[in-house]
Structures are given as structure tokens and as C-alpha cells.
Amino acid sequence: MANEKLLEIKNLTVHYQSYDATVHAVENLNLSLGNGETLGLVGETGAGKTTTVKSIMRILPTPPARVVSGEIFFDGQDLLKVSEKEMRKIRGKEIAMIFQDPMTSLNPVMTVADQIAEVIRLHDGGSRAEAHKKACDMLELVGIRPERGSDYPHQFSGGMKQRVVIAMALACNPRFLIADEPTTALDVTIQAQVLELMKKLKAQYQTAMVMITHDLGIVAEICDYVAIMYAGEVVEYGTREHIFNSTAHPYTKGLFACIPDIFTEQNELVPINGLTPDPTDLPQGCRFNPRCPYATERCRQEHPENVEIEPGHFVACHLINGGGNENA
Amino acid sequence: MLKYIARRLLMLIPVLLGVILLVFSLMYITPGDPVDSLLGDNATPEAREALREELGLNGGYFERFFNYVVRLLRGDMGICYSTRQNVATRIAQTFPNTVKLASFAVAFAVVFGLTFGIVSAIRQYSIIDNIVMSISMIGISMPSFWCGLLLMLLFCVKLKWLPASGFDSFSCVILPGIALGVNSAASIARMTRSGMLEVIRQDYISTARAKGLSEFKVVTVHALKNALIPVITTIGMQFGLLLGGAVLIESIFAIPGVGKMMVDAIKSRNYPVVQGGVLVIALSFCLVNLVVDILYAYVDPRVRSQYK
Amino acid sequence: MKKYLAMLLACAMIFAFAAGCAQQNPANSDEPTATNAPTDVEATPVQNTELVTDGNETVSDKDTINIAVDREPATLNPGGVSSNVNEIIMRNVLDTLLKFDENAIPQANLATEWEAIDDLTWQFKLRDDVNFTNGEHFTAKDVVYSINRLANTTTGASALTYIDLSGVEAVDDYTVNIKTTKPYAFLEAQLCQAVMCIVNEKAITEMGEDAHGRAPVGTGPYMVADWTAGESITLERNENYWGEPAKLKTVVLKIMTEGTSRTINLETGDIDLNCRLQTTDIDRVEESSDMYVLAGAQNTLRYICFNTSVEPLNNVNVRKALYHATDTELIRETIYGVKSSEKANGPIPPSFQGKNHDLPEYEYDPAKAKEMLAAEGYENGFEVSFIYLANTTNNMFAEMLQSMWAEVGVTLVLQPTESGTLSTMLNAGDYEVGTAATDMKLCDAGEGLYAFFHSSSRGSSQDRTWLNDADVDAILDKIVTTLDAEERNKLVSEAEAMIHDLCPMIYICHPWRVYGARSDVRGLKVLPYDMEYYSKLYFVNED
């Protein structure tokens, strides 16, 4: 199984170390993804989604961040073990990343074409002119007139900037794309356009993708697999159908309950009670137990393991794993 | 851009007029009479009156101001009361020295300020960072004349590496330049550090890293240019402070500069020299800041587009 | 952990700086003990006006000396804007008819002999072997020109107050007559002043006044070779000098306005002679084996002056009470230093002829002062303003005086003032109490008293008391016109006693001139007036 997977994360644990506390950002995380597949990484803010993908890229700020343990196999190679020099060849070339806020993810003092050309020259070599030409082609591909390449980011709208970012990410034809909430900062109408563009290009380039989002609508539209993260752990993982049709984990259920559904009569949305736990002081047992309406004594004592409840559908919950009575 | 520069140069006129008016008025209302310091002991009232007439001190406020401005427009800055030389000549003798001193100080401040600012930002919270920031705190709070004296004691008296006075060779500029630039170097270092830290946290730095750029390139190509934007403004402001600070340093290191000339002139109520000196300093401050603003536009396209 | 380390480091650095600072100025740390020193122990000032050596030294062939001066002269023309520094340079480059010897007695210079032919006319015989540096021969015509020229100069006219210009005439090439408007006892001293330096008409006409002021043509042992504004003036030896030639070929006068930097430069050897050593640096220079200190009495008086024309200071008993309320010795020791000043009782320096050595002292006695004030109706004291040049030492002076006078109920309102304003206010009589220091320029007690206390001197920069007393005026007038020295000295003693009794001033001290020199410098002598003879300086070889 390991060989056919493009990306495989095993037991990844990342901590942020400050003077007086340790933030358990990611704990024992396991994920895998095949060629051309799309994984949605869903969870509330602070669940460790961005930390996870940044550790794949190895662009976490260290210190304070520290990968405590685990392995990240990309194409069979443990990214955490390769040299920084090797890693630089992978970044941008094999793995590209799209950041959350297009407003800030472009350098304000460089023209957009230069910023795209930079990554092309870095990995594919070639002359300045060739790189520039290719950069303009990429702009055209994402629907921006090539002559605007000599403009600066502040001369573009948000949606246009995100197109530039996408062009930049895809410039070296990467096999794996990480998109960190690529549409959150955009207007709803623009969101749809950008998503459409991403879907199209993904299909065209056969790129595998991890998409971070907390929008289940996007997940439904674009993802093949879904991982639900809570407080640094994956609590439920499966195909899109598994997650949407046989939702198992109480937290996932909670997420769905937060979405308004116009086809059913609902008087009010049901928010999940409480807040995400303080990552420096995580609760004992299941991390979701203080907010879980079904929590039992066991949930408060013992940390649940991931269990495969149907082929390819993993859940970490004592209630599902037969320990408790679900409808109590 | 040219239009912008032309507009800025045109703006100089009211600014300089304001400076002249201010200095002229200040000197006018300050008690003290140049005739006293010129004639000294036992002057007869006739001699005093004659001198007042000769120096044009007898007119009213507006008359004297008007006369001064008219002569200034003709390019005549007046005659130094004590040496009877043309003020322009005196400034021509002293100003290059001050410029030399201030330029060295700025160069020192920029080179050291930027380097240490960048290093301590990249190595935030490391020992280097802590040392640099501690030293820069001392640097900011240390008065420049005291720093000058300490440097003199260390490098001239104890180590005997550098001359303690004179202004005829490059080695003479080093100590006063450093003494003058320490304050600025320290504040530039702190500015650069906080600017860099701010920039390094920006998403586009993560973008740059994600492209696979080396850390060196990330810092020099992407972070530095952005971090420099506020620093450039600081440098422009620092230049004004340096010209002011030069007054003390020039006295300590016995450098024949504009600052020293003006202090002497103020003491003896040598109005034309004070006015001429302030005018030249104000002018150079304005010009330096114009250059800074142009540089600013060069570095930051967002500003550039405003100038069009 | 790292934070603490950095803090520790910063602390260590601050201490290092502080230590460096303390080392820099050992005099500072000594000062508090000086103020607490028991007053009955007589501190003996070491008046060292000349370096005494064993005479076994060999003369070095070093022929350039660097001398620090504390300000830049405006011009070297006689009668131009004047300061101590330009007068000294002028006297080294130009020549006067007469010049002071080391006791400030006028002696022959360009004039070889002279006599008063009548009460008003003096005749001078001149040297016949003197040439100006432009090649012109020196004659009586140059003297007539030089004196007449002063009438049209900025500051020179006041030197002509007693001179009748129509009576200044060349009798022949080497004889000149100078007539005074009334019998004038100080003409000889006046002719020693720098303003009376002899210049050459042709040189001034050819060069123009301004250019001549930067490189005057004279007959002195040196000539100006270069003047870099704000930086230095270089003098070269006049090879055709008529007298004993200068020992050193080149004298570089470096303009250093900062006292501390003059000391540091002396320490580094960048200068060989500091003509104005700061009092606080005396110990530092004395302790070093590379340098030595010379100090000696000057013609200067440091005083607290009363404006005797304003209430309540026009009351002589109030003035006397305030004198009793002032611990002058404490101020002298604390601020002017026992090593660089001498006690003043009366306005005339102790070394001057005619000095009255029997003046009673206004001893420090606050209780008595209080009593006297009460007797004048000021049992609750009064408020009075105190004007002074704003600088560190004067601020200290003012605060000491403020606390002393507070003890007798007098409130002193401090009015620190910047120099330009100060002289204008003092000259205008626009003050109540002040402090200043004034020179007796002619080094003559009689002339000094006249300038300080005659009612006609009011408004000049030497009269700081605004005194208007008919008896004092009468005796001073008499002194000026008495040509017999012995009789004049008697009158001077009498006048000093009279003035002392009127108490127009509180005399603090006579500050000394203090020099710091490198240990190989010889030929320097501290003179009681503003002068250093550069031509006598030389170096010796050191082992």
C-alpha cells in the first residue's frame, strides 16, 4: 500500500515550544493520498490543519515549532529526513502550495510575472526571457491577460490575485498541490470561479491535492477523501461518501449540524457547545469529550484509537468502537 | 515622477521661506545685541551707533526681514559680522566638512544598523539577537558627545590607533563619524529588526519559501526590500538628527563644520551666519528627504503609483 | 534563561562604561571631599609658573609645536573683534611700541626709550633696524598710521579715549610724539595692549583690511602661513625678525572649543600645549608622567556684583550683610579649586602695585548678616534675582549662593542666561545681582579701579556695579592724571579701601591661568596677563 501512495503521513507529532508551555499542535497524525486524488482536511481554526501541511513542506517556523516524531513519505521518500537542499528542490517543483489569503501571499514589491518566473527559473532553469514568457502563459491559463504580468499585486483584485497564486503554484507542473483555504478570503461569486478553475486545472494536470477548508460545501464539490481534524488529531477519515452519508464521529455530526439546509425544516442551527480546547492543556481521554453530548466516563479517561468501521472509513471514538452506548 | 520631483522642489520655496521667517524672528526676539559681542570692552556710544548702522541693525522688524529676503534672492547671504567674510564663503568652507562627517555617520549607521537588524531578526531570541538589542538600547540612550569622549579615550588615549582631532585624512572622520552615527545605527537596527520580523511573518515569505527558494534568497530578495520601506523613512529622519548632533561632535573633535560655526555665531548674535547656516541645513534636509522619498517610490510600487 | 543572560550582559556593559567614565575624570570623585575639607587646614596652592629643571637637558630638533586654543579669532587686525586668543596671536605676529615684562611693567620693544616732554606729550625713540614681513622698513610713519587707523575700527576707538590724534606725529623717521587729551598715567600700559600693535599702511591698502586680518603683515617673530577656518592657524618663523629669533620653526594653533577634548588631545600627544586646561582635569594631567601643569595668577577677578542703583541693593548695609552671608572660600574651593585660584579680598590682585593689603575682611557670619538685615528693616528678608552665564560651574555657584542666602532669609531667583543676552543685560544695568569675571586689562590697579567703579564707566562691559559715588569718582579721576608712580600707588590703596567699604561687590577669587603641557615642552612661563611668547618655546630630548 505504501508504494502506490503519493503521500503518506505516519504518526506525525508537532509541538510549538514557548518559554513556559508546549502547544500540542498535531498529535499522532496519519494520512495518505494517492496520485491525482484530492483530500479535504476539515476542522475548526486551530485544529492543526495548516501545521500539518506546513510540515509536509517543511516550512514551519522552527523554533518555536518542532516535529517531535513521525514520518512523511512523499513518493516513497521520507521528507523529514532529506537534506534542506534536497527539500528545496521538492518545494515548488514537486509540491506546491496555495496560501489562504491572496491579499498577503504575493510580494507587494515584485511584479506578478517576476514572482511566477522566479519559481520557473529556480526549478526549470532557462533564460530570464523564457521564464517570463512561461509566466505569461501561466497567467493566460488562469484567465489573466499576459500583459498584466508587469503589474504589481496591489493593482489586482482579490480573485485575480488568487489566480496569480494558482498560476504560480502550477507553474512547474507539481505532482502534489496543497491549498490552504484558497477561497476563504474571497467573495462568494469569486469563490465559485476560483474553485471551478482549480477543479479544471487539477484534472488537466493530474495533480494530487490536499485542500484545507472548513467549508463542507467545498469538500462535497471537490474532494475524493475527507479527513476531519480536531485538536491536532484526525478523528474521522474516509471517502467523501463515507463522511457525508455515514457520518460516524460526534464531532463530524456536529459540523454538519452547523450547516443550514434549505431542504429540511430547521428552526435553528445547532452549534457545537464550548470552544476548541486550549492546545497547551488538552483534556484527558478523548479530546472532544468536554464538548461531546455523548461522552461517557471512558471517554474522559481513555484516549480512543482509530478504528476502521467499514473499508476505508476510520473513526476514533469509543462510542463507535463498541465501548459505549451510542444512544445513551 | 519628474512632475512629482518638480512639485516637491517647488514646495521647497514656502518651506525655506518659513524657515527663514522663523529663524529671523527667533533671532529678532532673542535678547542680546551683536554690537555688544563685537565691540566688547569700553565701546563708545558713537562707535556702537555707527556699527549698528553699518550692520543694518537699526531698521524695524519688517524692514530688516524684507531687506534680508531681497538680498537672499539676489544670492547674497550677507556678511559675517565678526570675520567680515561673505556668509556664503564661510558656509562653503564649513559645509563640506559637515557633509563628510554626516555622510560617514549615515553610511556607518546604515551598514551596521541594517546588518545587525537583519541578523537579529533572522535569529530572533537567540543570544546574538539579545546582545545586539542590548547594545542598540545602550546606543540609542547614549548621548553622542559622551560616546565621542569614550571613543576618544579608548581609541586615541589608550590604544592610540586614531587621531583625536583634525580633519585632514580619512582616519580623522572615523571616530567622530561613529560617535555621530551610533544613535542612528542603533535605531536603524531596531527598526530593521522589527520590520524584518513583521515581514518574515507575512504570507508572501511563506510563499517564497514554498517556491523552494533558499533562506538567503528569501531574506534578501523578498524580505529585505519590504522591510526596508519603513527603514528608508527612518534614514531620512536620522539625517536631520545627524546634522543636529554634528554640532556637539564637531566641537569635541575640533572639526570645522557648519554646526560649530553656528554655535559660535549664535553666541555672538552673528545673525547672517546663523540664518545662512540654518538655511543650508534646512535645504539639505529637504533635499535628502526628497531623495529618500524618491528611493521610497523606487522600492515600493504602491507608493510609486501614487506619484503618477 | 537567554533573557537573563542578555540582561546580565547588558548590566555588565553598563558597568564597564560607568567604570570607564569614572576613570576618565578622577577629579570628579575628589570634589565632594574638597567641599567637606576642614576649612582651618590651609590648602597650599602650588603656584608653578615655570618649569624648573636640572638644566642637563638637550634641546630636541623637533621644530613644530601644536598648541590648543579655546576659540577661533575673528580677525588679527588691531581694533577688530577681539578675544584673548587673537590678542595673543597678534602680539606674536605684530609688535607693540612697548611690552609688558613678566611683572606687567612696560618695557622697551619697538620703542627703545621714551619720556614725557610735558604733562600731555610723550616722545618715543624707535628702533631703526626693523622691517615688516612684506619688506617695508619700519618708521615713525607706521606708528602714526597705526594709531590713526584705530579711529575707524570696530573696537579700536575706545583705546583712543585719552589720545589726542592731532598730536600723534612723526618728528623724524625714528621719533614719534603721542599727545594725550589730559595727563594720562596709563599711556605706557595702554601702548602694551594688542590693539596698539603696529601695522604697515602699504600692506593694508594693498591687501585690504579683511585679507590683512587673516594674514597680517607685521614685525613680530612669527607670521601667519595658513589659516584653515574652524580648524587651525599655522605660524611660521619670521626669519628676518629684528630680535632674538624664535626657537621653533612652526607653531600650529588648533582650535578646540571643548575643554575635555583639549585634555584628551594633550594626553594623546596630538597637541603639545593646552593653553586653557580645565580645572577638573588638573589632577589627571599632574598624575601623568607624560604631562605637567603650570598655573599662575592672572589679572582677573571673579565676583558677585550688586547693581547699586536698585532697591534694596542701593543700601550699603544690605550689601555688607549679604557679604557676611556668603562663604566665599567655600565657593572658591568648590568651584574654582584651590589649585587654580587665589583668595580675593578687595578688587585688586595681591601682586599688583598699589594693592591695599590691610583691608578688613567681611567674614562669613550668617548670624551677623541676619542681624544687619533686621537693622535695615529686612528681618523677613527679600527677593532678588541672580543673573549668570548658564553653564555647569555657574549653575553650581548659583545654587550654593542660593542656599547660603536662604539662611539669612534672602530668596535668590536664579536667572541663568546665555552669553549674548547676558552681556547686553549687564551693560544695560538690567539686573539685580550677578556673577562674572573681569580682567584688569592694563595690569594696572588704578586703571582697573577706574574701569570697574567710576561712574562714567557705567554701561561699559567692565562696570558691573553701576556705582555712582562722588568721592570714589574724585579719587579715581586723580589717579588717572597722576603721573608719579609712588604717589599714584598711595592713591590706589586709598581708593581700594574706600570702594571696599562701599561693598559694591563680593570678591570670590582671582582665578588662575592653568596650562597643561607635554613633558618635553620648555620655555613656557605663566604671565599675569594674556600672553604666551611662542618664540621662547622649544622641546627637549627625553630619555
Side-chain angles (χ1 to χ4, degrees), chain A residues 18-19 50 53-54 56-61 63-64 84-112 114-123 150-155 161 164-165 168-169 171-172 174 177-178 180 185, chain B residues 1 119-130 192-193 195-233 293-308:
Chain A
S18 70
Y19 281 120
T50 304
V53 293
K54 281 192 173 172
I56 300 173
M57 292 289 270
R58 280 191 24 199
I59 56 172
L60 278 172
E84 176 61 28
K85 208 174 156 193
E86 287 295 315
M87 194 62 214
R88 285 210 296 270
K89 285 185 188 151
I90 297 171
R91 281 188 211 125
K93 171 72 182 160
E94 303 283 342
I95 310 176
M97 187 159 172
I98 296 169
F99 289 90
Q100 183 169 355
D101 188 355
M103 303 299 172
T104 59
S105 51
L106 290 172
N107 188 338
V109 301
M110 278 171 90
T111 65
V112 295
D114 280 350
Q115 295 191 49
I116 299 170
E118 188 182 29
V119 67
I120 297 170
R121 283 199 76 198
L122 185 69
H123 294 294
S150 55
D151 284 351
Y152 288 90
H154 70 276
Q155 290 157 302
K161 276 187 208 166
V164 172
V165 172
M168 191 156 72
C172 291
L177 183 65
I178 299 169
D180 187 353
Chain B
M1 196 70 197
V119 168
S120 64
I122 294 172
R123 300 265 176 272
Q124 194 190 6
Y125 301 135
S126 69
I127 297 246
I128 298 175
D129 180 30
N130 284 320
T192 310
R193 178 179 180 269
M196 281 296 277
L197 287 178
E198 177 91 25
V199 167
I200 281 175
R201 285 195 204 98
Q202 297 291 321
D203 288 351
Y204 57 80
I205 295 302
S206 297
T207 308
R209 290 209 180 99
K211 282 178 180 174
L213 289 172
S214 67
E215 197 57 29
F216 179 77
K217 274 205 150 167
V218 170
V219 169
T220 53
V221 177
H222 289 268
L224 191 56
K225 214 172 162 193
N226 283 286
L228 271 184
I229 292 170
V231 175
I232 285 172
T233 322
D293 284 355
I294 293 169
L295 215 63
Y296 202 95
Y298 171 77
V299 173
D300 191 343
R302 286 163 294 188
V303 175
R304 203 180 316 159
S305 57
Q306 286 169 15
Y307 288 166
K308 279 173 183 163

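Numbered from 1 within each chain, the chains take letters A, B, ... in sequence-line order.
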Item to complete: Among the options A:V119, A:T111, A:I98, A:I90, pick out the one with the most heavy-atom pairs lying under 4.5 Å from chain B.
Response: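 The residue among A:V119, A:T111, A:I98, A:I90 with the greatest pair count is A:V119.
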Please look at [X] and chain B and tell me whether the side chain, the backbone, both or neither of the residue comes under 4.5 angstrom of a heavy atom of that chain.
X	result
A:L106	backbone
A:E118	side chain
A:K85	neither
A:M87	neither

Discussion item. Does B:E198, at its CD atom, have more than 12 non-hydrogen atoms belonging to other residues, nucleotides or ligands within less than 6.0 Å?
Written reply: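 No.
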Worksheet entry | B:Y296 vs B:T233 side-chain heavy atoms within contact, under 4.5 Å |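 Sidechains of B:T233 and B:Y296: in contact.
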Discussion item. Taking side chain to side chain contact (heavy atoms under 4.5 Å, CB included) as the criterion, tell me which of B:T207, B:L224, B:I205, B:I200 meets it with B:V218.
Written reply: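 Of all the options given, the one that passes is B:I205.
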Practice prompt. Name the member of B:K225, B:Q202, B:H222 that forms the most heavy-atom pairs with chain A at distances under 4.5 Å.
Written response: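 Ranked by heavy-atom pairs under 4.5 Å with chain A, first place is B:H222.
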Worksheet entry | Exercise: identify the closest heavy-atom pair between B:S206 and A:I59 |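 B:S206 and A:I59 have their closest heavy atoms at O-CD1, 4.2 Å.
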Worksheet entry | Trace of the salt bridge (charged side-chain N to carboxylate O under 4.0 Å, His left out) decision for A:R91 with A:E84 | CA-CA 10 Å; A:R91 281 188 211 125; A:E84 176 61 28; 3.3 Å; yes
